[in-house]
Amino acid sequence: MSIRSHSLRWLVIYLLSSSVLAAAPDGVVAVSHPAAAAAGARMLTQGGNAIDAAAAVQFALNVVEPQSSGIGGGGFMLIHLAKTGKTVIVDSREQAPAAATADMFAPEGLAMPFPLASTRGLAVGVPGTLRGVDTALRRWGTMKLAATMAPAIELAERGFRVNRFMAEDIAHDGGRTQLQPETAATFRPGGVPLAEGDWLVQRDLAKTLKLIAARGPDAFYRGPIAHAIVKAQQRTRNEIGATGQGRMTLSDLAHYQVVIRQPLIGHYRGWTLAGMPPPSSGGLTTIQILKLLERFPLGDAAQGYGFGSPKTIHVMIEAMRLAFADRAVWIGDAAAVPMPQTGLLHPGYLATRSALINPDSRMVTPQAGTPPPWDTSLAARPHASRTHLESPHTTHFSIVDRWGNMVSYTSTIENTWGSGITVPGYGFLLNNELTDFNLTPTADAAKGNPGANDVAPAKRPRSSMAPTLLMKNGKPVAAFGSPGGATIINSVLNVTLNLIDHGMTLQQAIDAPRLSVTHATGPVSCESGARFSVAAQNALRNQGHIGLGEAGTDGCRQSIGSVQAVAMETAPETHNGAADLRREGTVIRVKPAIALPDRRL
Ligand code: GLU
């Protein structure tokens, strides 16, 4: 199968190409914002590799898409190294402070409501993005940190035009840009929310980025910025007083740990996926769903399957329900709790779980399974833990350089606008990642519940982020991922099925309407589009599927995810990208301009 892009929004930077390099493939960046895409392209034109470009994109996103990601948050950068063929993941997920406790969001046994819990200092995890980017640059980049920060500093200092997506996120902020004076001053100057087309200059942020460029990440983790972060998350608000105060200390910041991880590998119909292991459920749950579906001929219209057919949608829903039942109980930070990761992907276990899917009827709400090596004699199955409805935010971008190194990077401050707390004088938002933990503790030894995602000191909250690399015959084919909280898993799944089962091009696979279920009880979310017809929805309603609204109406009204992807063709060797219209997705192709040394890693 060939994966080609036909994005309408290509920005092509053709510089003078020397005949020596005429055959060299182009570098490609696919990012949710054009100015951040341009920052990455600039590194590639200057001779940088995919890791240099990723650093520049991430810093620029902090300026032009600050509601989604930035140095106050965390993320997972999957890197494929062309020379060795190895894939690694830089885990810069936020960590709970040393003083965190399992019941901190439920001081009197009752969980704080999510809007309250997530806008307090208590929700702020120790940020990892800057350490993560710096670590990646030092190990695999070719440029200095300061060089990769230059485009972001220019954007913060000179300003940029607010796009429709930022304007909408301010208008529908759930109060988050209004709670703290510094956040309001930036995004609602004089009390007026910024609108599309307004010019936004962020002087404090420019100052912060310059300070980091000059003094390195220690300015953030040990220096003046660390002091300001600790103070900002200690602010109290009247409703919950001191119980809402953040517990992060200078020591927590100084001891933040980036972890280099091996990807989780899964196989589906002869293809290989390299995905995100715990603390994310992203790779594991996506691979589980694929394996549960592998016995169904999803691409075969002659057998009643094919894209958008009720039969295909039905088995997808059932597989999602089963995998999300497992996710809710078993997946958390494997460094902090025992996790049956091997068991969850064991072929025997998956076959038993897949056998629960009846192609003709809807199953009753499935429980989590008992994957080996868990004691199957336990009478009671652990109850699923529930956090809040995980939010549709964050950002994903993908890059391939002319040497074939690839980056697939999902980055977040959790909710749109994070905790809503801007660090005074420094102009960046702090995350609310700790509300990705269970808000009430679930560990119960008698019931065999490990409390996989309960809060604990230095632990990383369970994520759904799923930066993914798709490979065939050991060669990378495409890199992609998505924002969207728990729906990330299903966006990645939809795109994978579209490529493999439905034979779509990369752009078609991204454009096609998506389907998502993130809970065993199974309410269905889906996007409108001719291929999820009302007739198909009626067939699903008749089977008892919920969440689709009234019979005869179009119940597919959600917008799910924002996938940015790059792809490699092997013969002839070219690189492509595809972006998502659900945000201002932009693909920039960079032609080699100057003779450069081989920078395959
Ligand atoms: N906190 C979310 C997670 O890690 C961020 C992803 C998102 O909301 O899109 O899963």
Side-chain angles (χ1 to χ4, degrees), residues 32 58 61 65-70 72-78 89-96 105 114 117-119 123-129 132 165 169 174 176 259 261 275-286 324 327-328 331-333 385-397 408-420 429-439 452-453 455 459-468 480-493 514 516 518-519 525 558-564 580 582-583:
S32 57
Q58 178 55 70
L61 282 170
E65 217 185 72
Q67 70 272 37
S68 297
S69 76
F76 303 125
M77 187 195 299
L78 181 148
I89 292 161
V90 181
D91 172 348
S92 61
R93 183 72 165 167
E94 297 88 335
Q95 286 184 277
F105 290 112
F114 176 74
S118 62
T119 51
V124 181
V126 184
T129 292
F165 299 91
D169 284 342
R176 274 167 207 263
V259 182
R261 299 190 188 276
M276 186 61 216
S280 186
S281 56
L284 212 161
T285 303
T286 306
F324 273 91
R327 172 187 180 273
I331 307 182
D333 183 351
S385 57
R386 294 192 71 173
T387 51
H388 63 99
L389 195 66
E390 286 151 290
S391 54
H393 314 299
T394 306
T395 200
H396 180 88
F397 59 92
S408 181
Y409 190 176
T410 316
S411 173
T412 188
I413 53 171
E414 215 298 284
N415 213 92
T416 302
W417 307 109
S419 61
L429 285 154
L430 291 173
N431 69 83
N432 65 296
E433 217 70 53
L434 301 188
T435 48
D436 268 1
F437 281 120
N438 301 332
L439 298 185
N453 192 37
V455 188
K459 189 174 171 181
R460 287 156 141 84
R462 178 182 63 216
S463 172
S464 301
M465 294 190 287
T468 301
F480 50 92
S482 177
T487 69
I488 289 173
I489 291 162
N490 297 323
S491 290
V492 166
L493 176 89
R514 296 185 190 128
S516 172
T518 58
H519 199 271
S525 300
Q558 323 290 325
S559 174
I560 301 171
S562 171
V563 176
Q564 320 300 332
D580 203 322
R582 294 164 183 86
R583 285 193 196 168

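No hydrogens, no waters, no symmetry mates; every other heavy atom, side chains included, goes into these values. Just so you know, ligand 1 is whichever comes first in the structure, and atom 1 is the first atom listed for that ligand. All residue numbers refer to positions in the sequence shown, counting from 1. All values derive from a computational prediction rather than experimental measurement.
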Please round to the nearest 0.5 Å and tell me the distance separating atom CG of Asn490 and atom OG of Ser516.
-> 4.0 Å
Check each atom of ligand 1 against the heavy atoms of [X] and keep those under 4.0 Å away; list them by number with element.
X	answer
Gly484	7 (C), 9 (O)
Glu433	1 (N), 2 (C), 4 (O)
Ser464	3 (C), 4 (O), 10 (O)
Asp436	1 (N), 2 (C), 3 (C), 4 (O), 10 (O)
Ile488	6 (C), 9 (O)
Pro483	9 (O)
Met465	4 (O), 6 (C), 10 (O)

Under the criterion side-chain hydrogen bond (donor to acceptor under 3.5 Å, both in side chains), which of Glu433, Arg176, Glu414 is the partner of Ser118?
-> Arg176
Expected output: side-chain Arg462 to main-chain Ile331 donor-acceptor under 3.5 Å | yes
Any sub-3.5 Å donor-acceptor pair from Ser562's side-chain atoms to Arg582's backbone N or O?
->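 Here the side-chain-to-backbone pair does not exist.
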Under the criterion side chain to side chain contact (heavy atoms under 4.5 Å, CB included), which of Leu284, Thr285, Thr518 is the partner of Ile489?
->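 By the side chain to side chain contact (heavy atoms under 4.5 Å, CB included) criterion, Ile489 pairs with just one of Leu284, Thr285, Thr518: Thr285.
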Criterion side chain to side chain donor-acceptor pair (under 3.5 Å) on Ser280 and Arg93, from CA distance to verdict = CA-CA 9 Å; Ser280 186; Arg93 183 72 165 167; over 6 Å; no
Take every heavy atom of Arg93, measure it against each atom of ligand 1, and state whether any distance is under 4.0 Å.
->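 In this structure, Arg93 qualifies as a contact of ligand 1 - some heavy atom is under 4.0 Å.
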